[in-house]
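One structure is given below, encoded as structure tokens.
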Amino acid sequence: MNSPSDAEVIRRSLGEPETFGLVYDRHAATVLRFLGRRVGAGVAEGLVGELFRIAFERRKTFDGSRVSALPWLYGIGSNLLLKHRRGEARRLRANARMAVREAPDRRASAAALDARLLFPRVADAIEALPDGEREALLLFAWEDLSYQSVAEALELPIGTVRSRLNRARAHLRELLKPGGKNRERSR
Amino acid sequence: MRPVDLVRKLRREAAVKPAALDRGKAALMAAIRQEVQPMRRPTIVPRLPYENVGAALSFLESAFGFREIPAARGVRADGAIDHTMVEFGDGMVGLGAQGAHGAFSPKRVGTTTQYITVHVDDIDAHHQRALASGAEIVSRLHDHLRDYRVYEALDPEGHRWRFLQWLREVPQ
């Protein structure tokens with residue numbers, strides 16, 4: 001049995017709006033986990049319905065040549081998350097504290113900084129990235145999206161995604177250098 | 001370690017509750033129905049006067065989970081919301097600037113003259129959300145005679161809302 005592609009479902013939903021519920025059934029769990037990783041379960045809960053409501057309202061603009069709607073949904077989510085930057089920063093710092101606790105052997109690290117210092121600085125460094133770079137980086141590193149999917153999500157040419165990710169990497173290296181730009185930003 | 005690998009180390013999962021997925025679906029399907037049946041209107045529609053309609057709307061959405069009907073929004077020349085509608089389940093309430101239609105906000109007149117009962121599916125979750133959003137609880141969450149579970153809260157301008165979940169099936 002062939003189930004219709006996302007593109008087909010969305011096309012059908014133009015005439016039969018309720019069909020769009022199927023897009024939710026297929027992707028809501030993935031999207032909710034994505035939002036949860038970024039802003040925590042509580043806020044994510046409030047956002048997931050809003051995200052799909054926006055997607056529903058914009059369904060006419062979905063590019064029917066794409067097989068999966070997921071990158072498009074990630075993109076709408078990324079935009080929504082911009083309004084929750086403070087919550088995101090809090091969560092990043094909490095994640096850093098957990099990463100410190102879980103670090104297996106701090107002394108075995110080749111890095112000059114031990115986990116206790118390193119992870120909070122990684123959090124600060126991610127936080128300090130320009131919005132566009134942070135978004136591309138987190139979609140790539142946390143959501144395991146391909147360059148092509150990140151490009152679809154952020155509605156950018158793939159070359160731009162490549163250069164953004166390269167810039168983000170360079171920025172992170174710079175920010176993580178001992179004596180790097182954000183060394184004083186301890187919390 | 002490469003920067004991207006370090007970033008990956010900070011990836012943490014948040015708990016995903018099935019109920020959260022259900023609520024999201026309900027919100028979506030309500031929005032879809034709104035498009036399908038734009039003329040749907042309950043027979044009785046209370047309208048509440050507010051000093052600050054925009055702030056009231058934000059509160060009602062975040063604390064009580066009401067949803068604005070975007071098409072109902074009227075905006076003044078200065079960009080402030082003059083009136084709009086919110087829906088919840090199959091109910092609907094209008095919010096409007098005080099003074100119009102001779103009605104004033106409890107914040108201005110100093111007393112509440114009515115309250116609205118809203119039936120919810122999960123009263124405990126609803127109560128939690130209202131608490132987290134800073135709603136003033138004026139009647140604590142409790143069971144009433146094993147019939148229903150109920151609490152009452154004030155919105156920022158003092159309109160009183162009574163949220164209730166039936167504990168057993170009631171005859172229609």
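To find a chain, count down the sequence lines: A is the first, B the second, and so on, and within it residues start at 1.
- Heavy atoms closer than 4.5 Å to chain B are found in the side chain of L138(A), but not in its backbone.
- Connection of L164(B) to L167(B) is not established within any shared hydrophobic cluster, with ILVMFWY side chains joined at heavy-atom distances below 4.5 Å, either directly or through further cluster members.
- Remark: E155(A) CD is loosely packed, at most 12 non-hydrogen atoms of other residues, nucleotides or ligands lying under 6.0 Å away.
- A pairwise comparison of heavy atoms in A27(B) and G49(A) identifies CB-CA, 4.3 Å as the closest pair.
- When all heavy atoms of A20(B) and L32(A) are compared, the closest pair comes out as CB-CD2, 4.0 Å.
- Note on V43(A): it does not cluster hydrophobically with F66(B), by side-chain heavy-atom contacts below 4.5 Å among ILVMFWY residues.
- The most heavy-atom pairs under 4.5 Å with chain A, out of G65(B), G24(B), S62(B), come from G24(B).
- Formation of a donor-acceptor pair under 3.5 Å by the N95(A) side chain with backbone atoms of R11(B) is not found in this model.
- The hydrophobic cluster containing M92(B) does not contain F59(B), counting ILVMFWY residues as joined when their side-chain heavy atoms lie under 4.5 angstrom apart, directly or transitively.
- Checking side-chain atoms of Y24(A) against main-chain N and O of A26(B) turns up no donor-acceptor pair under 3.5 Å.
- Here the side chains of K9(B) and V122(A) are not in contact, with every heavy-atom distance at 4.5 Å or above.
- The number of heavy-atom neighbours closer than 6.0 Å to CG of D121(B), taken from other residues, nucleotides and ligands shown, is 12 or below.
- For chain B, no part of A44(A) is nearby; none of its heavy atoms comes within less than 4.5 Å.
- For the atom pair CZ (R53(A)) and CZ (R67(B)), the distance works out to 5.0 Å, reported to the nearest 0.5 Å.
- E45(A) has a carboxylate O that lies under 4.0 Å from a charged side-chain N of R23(B), or vice versa, which qualifies the two as a salt bridge.
- By the 6.0 Å contact criterion, NE2 on H101(B) is open, its count of non-hydrogen atoms from other residues, nucleotides or ligands being 12 or less.
- At most 12 heavy atoms of other shown residues, nucleotides or ligands fall within 6.0 angstrom of atom CD1 in I44(B).
- Between I32(B) and G21(A), the closest heavy-atom pair is CD1-N, 4.3 Å.
- Closest heavy-atom contact between A14(B) and A41(A): CB-N, 3.7 Å.
- For the atom pair R38(A) CZ and R12(B) CZ, the distance stands at 15.5 Å (nearest 0.5 Å).
- Between L10(B) and W142(A) the shortest heavy-atom distance is O-CZ2, 3.3 Å.
- There is no path of hydrophobic side-chain contacts, each under 4.5 Å, that joins L95(B) to F104(B).
- In this structure, CG on L21(B) lies 8.5 Å from CZ on R33(A), to the nearest 0.5 angstrom.
- Note that CE of M29(B) is 8.5 Å distant from CZ of F56(A), once rounded to the nearest 0.5 Å.
- The hydrophobic cluster containing L154(B) does not contain V86(B), counting ILVMFWY residues as joined when their side-chain heavy atoms lie under 4.5 angstrom apart, directly or transitively.
- Interatomic distance, L6(B) CG to R121(A) CZ, rounded to the nearest 0.5 Å: 11.0 Å.
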